Amino acid sequence: MKIVSTVEELRHALPFNQTIGFVPTMGYLHEGHMSLVENARRENDFVVMSIFVNPTQFGPNEDLDRYPRDFKRDEKLAREAGVDLLFYPVTETMYPIDMARVSIRKGADVLCGASRPGHFDGVLTIVSKLFNLVQPTRAYFGLKDAQQVALIEGYVRDYFVPVEIRRCPIIREETGLAKSSRNVYLSDVEKEEASQIFKALRAAKETLEAGLEIEEVKRQLTVRLNEIPNSQIDYVELVDYPTLGIASKDSDELLLAVAVQFERARLIDNVIWKKG
Ligand code: AMP
C-alpha cells in the first residue's frame with residue numbers, strides 16, 4: 001500500500017486503464033469502514049482510501065478538535081484490508097484558497113442538516129474535491145449516514161459526475177449499536193444503553209410493516225427513545241427515501257432516522273423500510 005499526502009503524489013500514484021474503487025473516510029477506522037473497502041476490493045482493480053477530518057463539515061461548537069485520530073493504527077488496518085493507495089492530506093492541501101464551495105438546495109433542511117447547519121455543504125464540498133482528484137469508477141458510502149448518501153447521489157446526478165455511488169449496509173456491534181468512530185466517547189454503560197436505539201428502530205420498522213400510521217410510528221419510537229437513560233433525543237424523523245421529502249403512504253422507501261445526544265457523543269442511526 002502506498003501512502004501519499006499531496007495532490008502531485010496522488011496523481012502520480014493513480015493507475016491508468018484500471019477501475020478505481022474509492023472509500024472516503026475521516027479515519028479512526030472500524031469494521032464499518034472496512035466493509036466499504038471489502039466491497040470496493042471486490043468490484044474494482046484498484047482501491048483508494050482517503051483519511052481526512054474535514055473542518056468545513058463541523059459546526060463551531062462541534063468536535064473537530066477532539067475528533068479521534070490514530071493514523072498508525074488506520075494505516076495498518078487499511079493495509080490489511082487491501083487498500084492500494086491511502087491519501088492522507090493536510091487541510092491546506094484540500095483547501096488551497098477556499099474560494100469555492102458546494103451548496104445544497106434540497107434535502108439538507110431535515111434530519112442532521114437541520115441540527116447541523118452547513119454540515120452537508122461541507123460534506124459535498126470535500127466529496128466533490130476528492131472525486132475530482134481521485135476520479136474513481138465507483139465510490140462507497142455507508143447507509144449509517146443515509147442522508148449523506150442521498151445528498152451525494154443527488155449531487156452526482158445534478159453535476160453529471162462520472163462516478164457510480166455504491167450504498168453499503170450499516171455494520172453493527174453484536175448488541176445492535178451501529179459502529180462509529182464516535183463510540184469511543186461512550187462509557188461501557190452508555191454503550192449498553194445506546195444499543196437500545198437500534199432495538200427501538202427495529203421495533204418501529206415492524207409497526208410500519210404492520211401498517212401503523214406514520215405519525216403513530218414516530219410517536220411510539222419517540223417514547224421508546226425517551227426511556228434511554230442519560231440521553232436526549234435530537235430528532236426522530238420519517239422521510240421518503242432517497243428524496244428526503246415528506247413521507248407518505250405512496251412512498252416506496254421510507255427512512256426512519258434518529259439522532260440521540262449522550263454526554264460526549266451525538267449518535268445517529270436509521271433503518272430503511274422498502275415497500276413490498
Ligand atoms: P466517517 O469516517 O465517519 O466519515 O465514515 C466514512 C464512511 O464510512 C461513510 O461512508 C460512512 O457512512 C461509513 N460508515 C461509518 N460507520 C459505518 C457503519 N457502522 N457501517 C457502514 N458504514 C459506515
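We count ligands from 1, going down the list as the structure has it; atoms in each ligand are counted the same way. These figures come from a predicted structure and were not determined experimentally.
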Enquirer: What protein heavy atom sits nearest atom 4 (O) of ligand 1, and how far away is it?
Expert: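 Nearest protein contact, heavy atoms only, for atom 4 (O) of ligand 1 is Met26 CG, 3.5 Å.
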Enquirer: Using distance alone, with no hydrogens and no angle criterion, decide if Asp63 and Tyr185 have a side-chain donor and acceptor under 3.5 Å apart.
Expert: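 Yes, because at least one side-chain N or O of Asp63 sits under 3.5 Å from a partner of the opposite role on Tyr185.
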Enquirer: Do Glu38 and Arg41 sit within salt-bridge range, that is, some charged N less than 4.0 Å from a carboxylate O?
Expert: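 Between Arg41 and Glu38 there is no salt bridge, as every charged N stays at least 4.0 Å from the carboxylate O atoms.
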Enquirer: Does Arg166 count as lying over the ring of Phe141, i.e. NZ or CZ under 6.0 Å from the six-ring centre, within 45 degrees of the axis?
Expert: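 Judged by the rule (NZ or CZ under 6.0 Å from the ring centre, within 45° of its axis), Arg166 is not positioned above Phe141.
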Enquirer: Do NZ/NE/NH1/NH2 and the carboxylate oxygens of Glu62 and Arg266 come within less than 4.0 Å?
Expert: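 No, no charged N to carboxylate O under 4.0 Å.
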Enquirer: Would Ser35 count as a polar contact of ligand 1, with the cut-off being nitrogen or oxygen pairs under 3.5 Å?
Expert: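 Among all N and O atoms of Ser35, none is under 3.5 Å from an N or O of ligand 1.
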Enquirer: Please determine if Phe141 has a nitrogen or oxygen closer than 3.5 Å to a nitrogen or oxygen of ligand 1.
Expert: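 No, Phe141 has no N/O under 3.5 Å of an N/O on ligand 1.
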Enquirer: Around atom 5 (O) of ligand 1, find the nearest protein heavy atom and jot down its residue, atom name and distance.
Expert: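 Of the protein heavy atoms, His33 NE2, 3.4 Å lies nearest.
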Enquirer: Can you tell me which portion of Leu36 lies within the under-4.0 Å heavy-atom range of ligand 1? Options are side chain, backbone, both, or neither.
Expert: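 For Leu36, the contact with ligand 1 is made by the side chain alone.
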Enquirer: When you measure from the centre of the six-membered ring of Tyr28, is the NZ or CZ of Arg182 under 6.0 Å away and within 45° of the axis?
Expert: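 Not flagged: Arg182 not positioned over aromatic ring of Tyr28.
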Enquirer: What I'd like to find out is whether the side chain of Ser181 reaches to under 4.5 Å of the side chain of Tyr67, using heavy atoms alone.
Expert: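 Ser181 reaches Tyr67 side chain to side chain.
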Enquirer: Given Met34, Lys179, Gln148, identify the one with the heavy atom nearest to atom 9 (C) of ligand 1.
Expert: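 Ranked by closest heavy atom to atom 9 (C) of ligand 1, first place is Gln148.
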Enquirer: Would you say ligand 1 has an N or O under 3.5 Å from any N or O of Ser180?
Expert: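 Ser180 vs ligand 1: no N/O contact under 3.5 Å.
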Enquirer: Report yes if Tyr140 has an N/O atom closer than 3.5 Å to an N/O atom of ligand 1; otherwise report no.
Expert: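 In fact, backbone or side chain, Tyr140 has no N or O that close.
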Enquirer: Pick one of side chain, backbone, both or neither for how Pro169 approaches ligand 1, counting any non-hydrogen atom pair under 4.0 Å.
Expert: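 For Pro169, the contact with ligand 1 is made by the backbone alone.
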Enquirer: So, 4.0 Å and heavy atoms of His30: is ligand 1 close enough to count as a contact?
Expert: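 Checking ligand 1 against His30, which is what was asked, there is a heavy-atom contact under 4.0 Å.
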Enquirer: Under 4.0 Å from a heavy atom of Thr25: which atoms of ligand 1 are those, numbered in the order shown and with their elements?
Expert: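 Per the distance check, 2 (O), 6 (C).
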Enquirer: Looking only at distance, does Ile171 have an N or O less than 3.5 Å from an N or O of ligand 1?
Expert: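 Right, the criterion is met.
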Enquirer: More than 12 heavy atoms of other residues, nucleotides or ligands under 6.0 Å from CD of Glu213: is that the case?
Expert: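 Atom CD in Glu213 is not packed in, count stays at 12 or less.
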Enquirer: Would you mind listing every salt bridge (Lys or Arg N to Asp or Glu O under 4.0 Å) that reaches into residues 11-34, with sequence neighbours excluded?
Expert: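 Found Glu31-Lys179.
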Enquirer: Determine whether the side chain, the backbone, both or neither of Pro24 has a heavy atom under 4.0 Å from any heavy atom of ligand 1.
Expert: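 Near ligand 1, Pro24 shows its backbone, while the atoms from C-beta on stay back.
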Enquirer: For residues Phe22 and Tyr140, establish whether the separation of their ring centroids is below 6.0 Å.
Expert: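 No, the ring centres sit 6.0 Å or more apart.
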Enquirer: Pick whichever of Asp145, Leu29, Ile170 has a heavy atom sitting closest to atom 14 (N) of ligand 1.
Expert: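 Nearest option to atom 14 (N) of ligand 1, by heavy atoms: Asp145.
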Enquirer: Considering only the protein, which heavy-atom contact is closest to atom 22 (N) of ligand 1, and what is its distance?
Expert: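 The answer is Gly142 CA, 3.5 Å.
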Enquirer: Mark yes or no: Lys129 above the aromatic ring of Tyr95, with NZ or CZ under 6.0 Å from the six-membered ring centre and no more than 45 degrees from the axis.
Expert: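 Positive - Lys129 is close enough to the ring of Tyr95 and near enough to its axis.
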